[in-house]
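All values below come from the heavy atoms of this structure, side chains included, with hydrogens, waters and symmetry mates left out. The model shown is predicted, which means the values in this text are computed figures rather than measured ones. Every chain is numbered from 1 and lettered A, B, ... according to where its sequence line falls, protein lines coming before strand lines.
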Amino acid sequence: MSDGTYLDAISAALLHEMDRDDRVLVMGEDVAGPFGGAFKVTKPVAERFGESRVRNMPMTELGFIGAANGMALMGLRPVIEVQFADFISTGFDSIVQFAATAHYRWGGAVPWVLRAPADGNLRSGPFHSQNPEAWFVHTPGLKVVAPSTLADAYGLLLSAIRDDNPVVYFESKPLYRALKGSVPGGDAPVPIGVAEIARPGSHCTVVTYGAMRHEATTAAAHLATEGIDVEVVDLRTLKPLDLETVTASVRKTSRVLVVHAANRLAGIGAEIAATVADVCFTDLDAPVKRLGGLDVPVPFSPPLEDAYRPSAATIADSCRELCAW
Amino acid sequence: MSDGTYLDAISAALLHEMDRDDRVLVMGEDVAGPFGGAFKVTKPVAERFGESRVRNMPMTELGFIGAANGMALMGLRPVIEVQFADFISTGFDSIVQFAATAHYRWGGAVPWVLRAPADGNLRSGPFHSQNPEAWFVHTPGLKVVAPSTLADAYGLLLSAIRDDNPVVYFESKPLYRALKGSVPGGDAPVPIGVAEIARPGSHCTVVTYGAMRHEATTAAAHLATEGIDVEVVDLRTLKPLDLETVTASVRKTSRVLVVHAANRLAGIGAEIAATVADVCFTDLDAPVKRLGGLDVPVPFSPPLEDAYRPSAATIADSCRELCAW
Amino acid sequence: MELDLLVAYRWMRLTRAVDDAIRNLWLTGQGVGGTFNQRGHEAISVGAALCLAGDDVVAPMHRDLGAYLVRGMSPRRLLAHQLGRATGVSRGRDANIHGCGDLSLGIIGFVSHLPQSLPVAVGAAMAFRHRGEPRVALTFTGDGGSITGLFTESLNLAALDRAPVVIVVENNQYAYSTPIAEHSANPDIAARSRAMGVDAVDIDGNDVIAVHRAVQAAVNRARDGGGPTVVVAETMRMLGHAIHDGFEYVPDALLERWHERDPLTLLENRLAAAETETDRIRAIDDEVGVVVDDAVAFARDSPWPDPGEVTARVWATGPGHE
Amino acid sequence: MELDLLVAYRWMRLTRAVDDAIRNLWLTGQGVGGTFNQRGHEAISVGAALCLAGDDVVAPMHRDLGAYLVRGMSPRRLLAHQLGRATGVSRGRDANIHGCGDLSLGIIGFVSHLPQSLPVAVGAAMAFRHRGEPRVALTFTGDGGSITGLFTESLNLAALDRAPVVIVVENNQYAYSTPIAEHSANPDIAARSRAMGVDAVDIDGNDVIAVHRAVQAAVNRARDGGGPTVVVAETMRMLGHAIHDGFEYVPDALLERWHERDPLTLLENRLAAAETETDRIRAIDDEVGVVVDDAVAFARDSPWPDPGEVTARVWATGPGHE
Ligand SMILES: Cc1ncc(C[n+]2csc(CCOP(=O)(O)OP(=O)(O)O)c2C)c(N)n1
Ligand SMILES: Cc1ncc(C[n+]2csc(CCOP(=O)(O)OP(=O)(O)O)c2C)c(N)n1
Ligand SMILES: [Mg+2]
Ligand SMILES: [Mg+2]
């Protein structure tokens, strides 16, 4: 373990898996050395493994994700980088129609990982700030993960690469360099499908993931000084969802807030809220509340993006309301 | 008014609007005469208006929906047909990135209608049975409608064409020829954003749309003989949602079931259930329940598709459970 | 490999017979959902598939029944698939000829979204090249598929990598009801392919010998590291796009001209010219008839899938899955 | 229209000055988010945009600052846009040079997803043709954009309709860090365009006279019903892709060669050869300096958007909207 960032943890996971398994290769726009990707995630990877295993692709997401489907069917384990999660829509068919359905339909396993640098708060506007995870959770046949710590970024990428299914791996751009810690090493996979209690608490539960985990724990630390004890559940995997951890927490606190940066309307929070409101009906002392992005394209200008997005402050407000209910 | 089918009502609406407004044109694969479309919706339209206003497109959904964006910006009102709703993913970027965002970002109005023949129960398998509406409801900037009667098919298409925004219009293939009645005529728009009480009732509310409206009313008729009085709310518009009609119904019945044929997981039903469970928290005598497609590609074989999809029978069962709660 | 004309005849006859049997089931109300027609395309899918070695792979599209058969998928499984039975290739999950994949036979199942088989075949070929394996991927698309952006993106990737892939374009001059002149500003598909950096040849798609010769040359070249080839095979679909299609959009005169060039008739004439005894041909016909009758009976008698299976096998097995 | 060299010089100088001003803001920590560099591309966007008539439209991409300026978008609005101010083109909603659309100026705002401007421009041109209007649409893409499927789909649609559209490909030989030889198996973009059925010419993209001549010919032809043209303009982006780009991937020697061919220097040399007085040129430089200083001050002093506005104007007005 060495000190580094969330981004370093992703690079480290790639290095570890590519050392371990020569079926793994990286492909995407501008990923090869010496450039090493728009965010430089693959720079150390390209340096170690060279062009045959870190491959530049033309700006043709539909075609090269389609090619990754073929590589994966033939036993390779491609790790695809789309330059921003926003460009995932350009390769949509190859993901939601081919990769997602092959195994269910005829038993063709498509073991790839699609790394998608997502989320905003970086003043990057409507096309470099998107959180499109709901599209993929709604689509049968994909797995979806969204790590929010160095350990999870590392461990979930190990698990995603080892998984025999197509896994969409949402990276949190606002955490890339802002989140620091010790970079994991070695064989430390984090299982897909298991949520984590990021902070135990007893008065209410915040269910969240990605950068919002940190907003939530910040809010919780603040609320603790007011005597409100918040439990923060970090989903980590968005598909399949770990509803057990969520409902266990709700049964303990009887109040729940679901938070994500993605559009609240018909987002994943709706699925979680609807499920919790159903299966925990008699446990709840207050309605399940949701915070999410507004139903507009992610706006660019700081005052607008701040108004668009949940934050520690709005999470704290919602928790206060919830606990006062 | 003459007798005809749900499909005839769509054709009639196209004829009416194209007569009324020469900015309206139809474009899509195989839509021109004499062929008139895979389902023949545009056959009478092509016969009346000819090739300049009913235009065949190559099998390039991304490109021709992109071209429709340009036409709409220049003041035309294209009505785009994708051959099956399933192929909407092929034109995804042109819809969710360009059309959906232009007005919010810089005031460019993109007044098109995208007609998408959706839904299954026709033994057509994973690629001719999809219900992808949740992708579009989650995407800011689009309107989404899903008519389930001849009057709504006609009236919502009139409104959609007159709307200054991109509207995705989901047609119900299982109703195309199976649903008969009098085909509306004249100026009979149905407003976008207004739900309809398909059947008044007092014991529980079923919120639904599309072909499931008819499964729900069938279930309701059956349950009436058991003394269970079901109110059926047909959303008709999926974005913007008419939550007032829904919550008013729930306040009356205090029990609610949300039903759609689309994948239940992270579907639109989740948004409705989460909202109802929140805003009607103190009104509910039972948890909000949901029925939807299973989290697998729509299977082909009759026993599998039947197991996949909600029906009058499973709706009735759920209503019984709900009312016994 | 030299083409054995009788072998080719047998596969083409089987393709036609299976296709006819399917149509017959549908026309007599025994079908489930829709189904595509194959008539006219037999020489292409059979001639091309016969060029592959055992561990090559094929990613067919919807007119390539012959390729499935040549690769060893049994008429029983194919017919049971079309009828949605538990014994079918997809166990009732996928419809029509979609999703008939079986990697043990080197067949990649296709999705309706055209031409998704193309980049997948290119990627398969890139995998072969990456590992230094002397394997080849074969794939097919239509004239309609050849005007999509995915066609040019796939060709570009193949050319950049010199991937061992052969792309056969079945130019039946129509995409559903739309003639090529209406969907492609430049109907010269080979020229469009060459512009993307991929060698291309035009051939007669109704002449199985021509198909085999061109595709075999392309396969050999690919295996030898020569990179991708596009083979544009001209043909005509002799029936509607699918069972429900009225097929009124193709002029009778055009159909008549192609009727005279029926791929099976052409091959029979060749066999006659080569003095193959008629008896041997009729024996094949009889054998095929028996095989197809058996397959129809098998499919019809096969059980429906168990509804309880509907959510099984979503995920591939592996750590954490069962 | 004849190209007035001093007019061209003024727009190119303004383009460079606005670009420099933006970079200066960012390098001094006054920027918001990211921003693209324009240096080297001035002759293309200016030379092409100067060919349009008043009611023509342009659908630019991210190196076409010059086109926005020529069409009449003020440096004030453009700079305020880049700084996310309420007075900017998108009122703080879109970032960088995205979303700078204004139909009253005939400018279609672009989205990051490349090359989405292409089909939109083709569709605009189809609308003109449909209504029999003598208007033309102009659009731009990069070499990277030219290898996408959307490029070929757009060209095909344009050619099928004989749509009055001109597509300028800014071949700066790199897509971000990837050289054209690595992203395009056939780097001859004009040949690829012709294969799609669209006439194409290669020109020197650093020579504004050449750009103007070729695009004007294409615009005239389009207006006269002659259909679409692709103009491939060779150039070099002289700075990083965007402000954060280290730009280490372009060899120094290559940059040096292009440095000598700087579009503004080339034009100044032409003006000198035409015996234009240096004073007139310097007067333009001064005027441009004043305009840009004013625009920077305006942008910097402009208010931020009101957060309460964040959900306004999602829908276009019309029946049922306000
Ligand atoms: C992306 C996409 N859009 C639409 C369709 C519907 N569709 C099925 S076959 C077909 C025509 C295909 O024509 P072609 O590629 O020439 O193949 P052919 O059927 O003639 O063999 C169309 C439009 C599809 N399968 N995929
Ligand atoms: C669909 C899509 N994928 C990825 C990107 C990220 N991206 C922005 S610019 C760029 C390179 C574009 O190269 P080119 O078309 O040659 O234009 P240039 O920037 O060189 O002017 C890339 C990959 C994008 N904008 N759109
Ligand atoms: Mg065809
Ligand atoms: Mg470039």
Side-chain angles (χ1 to χ4, degrees), chain C residues 113-120 122 125-126 129 141-165 167 169 175 178-200 202 226-230 232, chain D residues 113-120 122 125-126 129 141-165 167 169 175 178-200 202 226-230 232:
Chain C
H113 294 67
L114 294 170
Q116 270 281 333
S117 290
L118 258 59
V120 175
V122 171
M126 288 167 76
R129 209 171 118 80
T141 183
D143 49 294
S146 82
I147 202 63
T148 63
L150 193 48
F151 180 81
T152 50
E153 291 190 2
S154 301
L155 262 56
N156 183 51
L157 287 172
L160 281 170
D161 195 61
R162 290 181 77 78
V165 61
I167 295 161
V169 181
T178 307
I180 186 166
E182 249 181 73
H183 71 61
S184 290
N186 178 8
D188 185 343
I189 300 167
R192 286 197 264 115
S193 305
R194 276 181 221 112
M196 296 311 299
V198 178
D199 273 339
D202 280 298
T229 308
V230 166
V232 182
Chain D
H113 294 67
L114 294 170
Q116 270 280 333
S117 291
L118 259 57
V120 175
V122 170
M126 288 166 77
R129 209 170 119 78
T141 184
D143 50 293
S146 82
I147 202 64
T148 63
L150 193 48
F151 181 80
T152 50
E153 291 191 1
S154 301
L155 263 57
N156 182 51
L157 287 173
L160 281 170
D161 194 61
R162 291 180 76 78
V165 61
I167 296 162
V169 181
T178 308
I180 186 165
E182 249 182 73
H183 70 61
S184 290
N186 178 9
D188 185 343
I189 300 166
R192 286 198 264 112
S193 304
R194 276 181 222 113
M196 296 311 299
V198 177
D199 273 339
D202 280 298
T229 308
V230 166
V232 183

Quick check on side chain to side chain contact (heavy atoms under 4.5 Å, CB included): which of Leu155(C), Asn156(C), Thr152(C) does Thr152(D) satisfy it with?
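With Thr152(D) as partner, side chain to side chain contact (heavy atoms under 4.5 Å, CB included) holds for just one option, Thr152(C).
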Backbone of Met196(C) reached by a side-chain donor or acceptor of Asn186(D) within 3.5 Å
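Absent.
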Residue, of Ser193(D), Ala185(D), Gly197(D), that accumulates the most heavy atom pairs under 4.5 Å with chain C:
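Most heavy-atom pairs under 4.5 Å with chain C: Ala185(D).
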Report which part of Ala158(D) has an atom under 4.5 Å of a heavy atom belonging to chain C: side chain, backbone, both, or neither.
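The answer is neither part of Ala158(D).
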Check whether any side-chain heavy atom of Thr148(C) lies under 4.5 Å from a side-chain heavy atom of Glu153(D), and answer yes or no.
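Touching, per the 4.5 Å side-chain cut-off.
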Distance in Å, Leu150(C) CG paired with Leu150(D) CG, rounded so as to fall on 0.5 Å steps
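Answer for the CG-CG pair, Leu150(C) versus Leu150(D), is 12.5 Å.
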